[in-house]
Structures are given as structure tokens and as C-alpha cells.
Amino acid sequence: MGEQLYALQRRIIEQGQALPGGVLRVDSFVNQRVDMRLMKEIGDAFARRFEGIEAGCVMTVESSGIAPAGMTALAMGLPLLVCKKQSSKAARGERLSTPVRSFTKDTTYEMSVSREYLPEGARVLFVDDFLATGEAALGAARLIEQAGAILAGIGIVIEKSFQPGRGRLERLGAPIVSLARITKMRPGERDASQSICFYEED
Ligand code: G4P
């Protein structure tokens with residue numbers, strides 16, 4: 001476990017880029033080119049941390065959440081449920097939906113999922129790549145509530161602890177596991193290890 005965290009933190013320090021406005025660029029291994037070996041380690045780490053939560057599926061939101069959530073689902077032997085951001089003609093049956101505001105991108109989208117795949121009483125583990133304002137996870141929690149299902153846990157790959165997401169999610173009462181918690185970012189800092197700071201215990 002510790003080693004996976006260490007590998008993720010090291011990668012963030014080596015290849016991440018702190019941008020102005022509290023944005024971390026990680027598109028060389030998370031958001032665009034995806035390091036699947038690292039994703040496998042992330043999936044294994046979540047599977048260990050959430051052992052015993054008795055989830056029936058792993059849920060995420062397209063698109064960047066799919067790789068870590070998919071590897072988590074594989075490690076836990078569970079189906080992956082992908083919430084959509086756009087309506088699709090191929091989607092049939094009753095859909096649950098909720099508006100989600102993306103502060104980072106300054107847009108709003110309609111998060112949706114087929115009711116058929118989220119049965120009443122199902123226990124759901126939500127996994128996403130970033131926790132910033134918490135809007136995506138709160139949207140997923142609303143869909144889970146609409147379905148009469150249960151949010152059993154929240155797994156986050158990179159948490160920006162200097163933003164309000166964690167505080168907002170804690171009110172949901174589900175256990176939250178973040179594999180890398182960034183406390184501070186200093187864009188423009190020349191020494192990479194000083195530009196991104198993590199929680200000591202991580
Ligand atoms: P949230 O992730 O906590 O819901 O907060 P917010 O509404 O601010 O996030 C909006 C989008 O921006 C999300 O992606 C989120 O993953 C992404 N994001 C937030 N902070 C960062 C950051 O520091 N670095 C990067 N690389 N992404 C960030 P999304 O709209 O769901 O897009 P995608 O999954 O299709 O990429």
C-alpha cells in the first residue's frame with residue numbers, strides 16, 4: 001500500500017505540473033496518456049482499502065475516472081458503471097439524471113445513468129481521478145439516492161485538500177480514501193519537489 005502511494009506521489013512530483021488557479025496537470029499519465037500499470041496499482045490499492053465494504057459495483061463519471069475505476073472494479077471482481085455526461089440515442093429505458101456544475105471548467109452538464117444498472121439497495125463504490133470541489137461525487141451521490149441505492153465508499157486518486165471537496169463529501173457519511181492528498185501547490189517553483197506538497201502521513 002505505502003509503495004503504491006509512494007509511486008503515485010513520485011509520479012506527481014516528477015511529471016505533474018502545478019498551474020495557476022490550483023490546477024494540477026497530469027495528462028502525461030492520468031488524463032490523456034494513461035499509465036495502465038500505475039492504474040493497476042491504484043485499482044489494487046483501492047481494492048485493499050475497501051475490502052469488506054460489500055459493494056455491488058464501482059461507479060465513475062466519464063472520462064478520466066474510467067481508467068482508475070475500471071482497474072478497481074477488475075481488482076474487486078465487480079462491474080464498472082460509467083455515468084454519462086451527454087445523452088445518447090443508444091441509451092434505453094428510464095434514466096436517472098442530475099445537473100453537475102464543473103467549477104474548474106466553468107460548465108454544467110447533466111450526469112445520468114440507467115436506472116436498470118443501479119438497482120434499489122445496491123451498494124456502490126464511487127471512484128474518480130480528482131477531488132476538487134466535490135461536484136462530481138456529489139452528483140453521483142444524488143443519482144445513487146434517486147435509485148434508492150447506497151453510497152458505500154468514495155475512492156479518489158488525487159485529492160486537492162486545499163479545495164473544499166473533502167469537507168463537502170464528508171457530510172455524505174461514506175468512507176473516503178484518497179491515494180494522494182495535495183495540501184499546497186506553488187506554480188512556477190523551480191524545484192519540483194517543492195512545488196507540490198503532500199500530507200505528511202501519505
Ligand atoms: P470535482 O472534480 O471535485 O467535481 O471538481 P470540479 O467541478 O472543479 O472538476 C471539474 C473537472 O475538472 C473534473 O473533470 C475534474 O476531474 C477536473 N479537475 C479538477 N481539478 C483538476 C486538476 O487540478 N487537474 C486536472 N487535470 N483536472 C482537474 P471532468 O470535467 O469530469 O473531466 P474529465 O473526467 O472528462 O477529464
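Values below: every heavy atom of this structure, side chains too, minus hydrogens, waters and symmetry copies. In each ligand, atom 1 is the first atom listed, and ligand 1 is the first ligand listed.
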(request) Output the list of atoms in ligand 1 that are nearer than 4.0 Å to some heavy atom of Ala136, sorted by atom number. (result) 4 (O)
(request) Of the side chain and backbone of Asn31, name the one, both, or neither that has a heavy atom under 4.0 Å from an atom of ligand 1. (result) side chain
(request) Verify the contact flag for atom 11 (C) of ligand 1, where contact means a protein heavy atom under 4.0 Å away. (result) yes
(message) Closer than 3.5 angstrom, by distance alone: can the side chain of Arg123 be matched with the main-chain N or O of Ile53 as a donor-acceptor pair?
(response) yes
(message) Less than 4.0 Å is my threshold; does some heavy atom of Gly165 fall inside it relative to ligand 1?
(response) no
(request) Note the single closest protein heavy atom to atom 5 (O) of ligand 1, along with its residue, its atom name and the distance in Å. (result) Thr133 OG1, 3.0 Å
(request) Would you mind checking which non-hydrogen protein atom is closest to atom 2 (O) of ligand 1, with the distance to 0.1 Å? (result) Phe130 O, 3.7 Å
(request) Establish, from distance only, whether the side-chain atoms of Ser195 and Glu189 form a donor-acceptor pair under 3.5 Å. (result) no
(request) Give the residue, atom name and distance (to 0.1 Å) of the protein heavy atom nearest atom 30 (O) of ligand 1. (result) Lys105 NZ, 3.1 Å
(message) Using 0.5 Å steps for rounding, measure from the CG atom of Leu138 to the CD atom of Glu145.
(response) 11.0 Å
(request) State whether the number of non-hydrogen atoms from other residues, nucleotides or ligands found under 6.0 Å of Lys40 atom NZ is greater than 12. (result) no
(request) Consider every N or O of Gly134 and every N or O of ligand 1, then say whether any pair is closer than 3.5 Å. (result) yes
(request) Assess the side chains of Thr133 and Glu135: does a donor N or O sit below 3.5 Å from an acceptor N or O? (result) no
(message) Give me the residue, atom name and distance of the protein heavy atom closest to atom 29 (P) of ligand 1.
(response) Lys85 NZ, 3.2 Å
(request) State whether the side chain of Thr183 and the backbone N or O of Cys197 hold a donor-acceptor pair below 3.5 Å, judged by distance alone. (result) yes
(request) Could you name the option among Thr108, Asp128, Leu19, Leu24 that has the heavy atom nearest to atom 24 (N) of ligand 1? (result) Leu24
(request) Mark up the atoms of ligand 1 that fall under 4.0 Å of a heavy atom belonging to Arg101, in ascending order. (result) 7 (O)
(request) For atom 36 (O) of ligand 1, find the nearest protein heavy atom and state the residue, atom name and distance (0.1 Å precision). (result) Ser64 OG, 2.9 Å
(message) Arg25 versus ligand 1: do any nitrogen or oxygen atoms come within less than 3.5 Å of each other?
(response) no
(message) Using a 4.0 Å cut-off to any heavy atom of Asp129, which atoms of ligand 1 qualify?
(response) 16 (O)
(message) With heavy-atom distances below 4.0 Å as the criterion, list the atoms of ligand 1 near Val23.
(response) 22 (C), 23 (O), 24 (N)
(message) Can a donor-acceptor pair be found, under 3.5 Å and without considering hydrogens, that links the side chain of Arg186 to the backbone of Gln194?
(response) yes
(message) Quick one about Thr108 and Arg101 (side-chain donor to acceptor, distance below 3.5 Å, no hydrogens or angles considered), yes or no?
(response) yes
(message) Which option wins on minimum heavy-atom distance to atom 23 (O) of ligand 1: Met111, Lys160, Arg168, Glu159?
(response) Lys160
(request) Please assess Asp35 against Arg37 for the test salt bridge (Lys or Arg N to Asp or Glu O under 4.0 Å), listing each intermediate value before the final yes or no. (result) CA-CA 6 Å; Asp35 182 339; Arg37 195 182 298 255; 5.4 Å; no
(request) Indicate yes or no for a side-chain donor-acceptor contact from Lys85 to the backbone of Glu62 under 3.5 Å, with no hydrogens or angles considered. (result) yes
(request) Tell me which protein heavy atom sits closest to atom 9 (O) of ligand 1, plus the residue, atom name and distance to 0.1 Å. (result) Thr104 OG1, 3.5 Å
(message) Could you work out, for atom 33 (P) of ligand 1, the closest of Ala140, Ala132, Ser63 by heavy-atom distance?
(response) Ser63
(request) Would you please test Arg181 and Glu159 for salt bridge (Lys or Arg N to Asp or Glu O under 4.0 Å) and show each step? (result) CA-CA 5 Å; Arg181 299 176 74 181; Glu159 172 185 318; 3.3 Å; yes
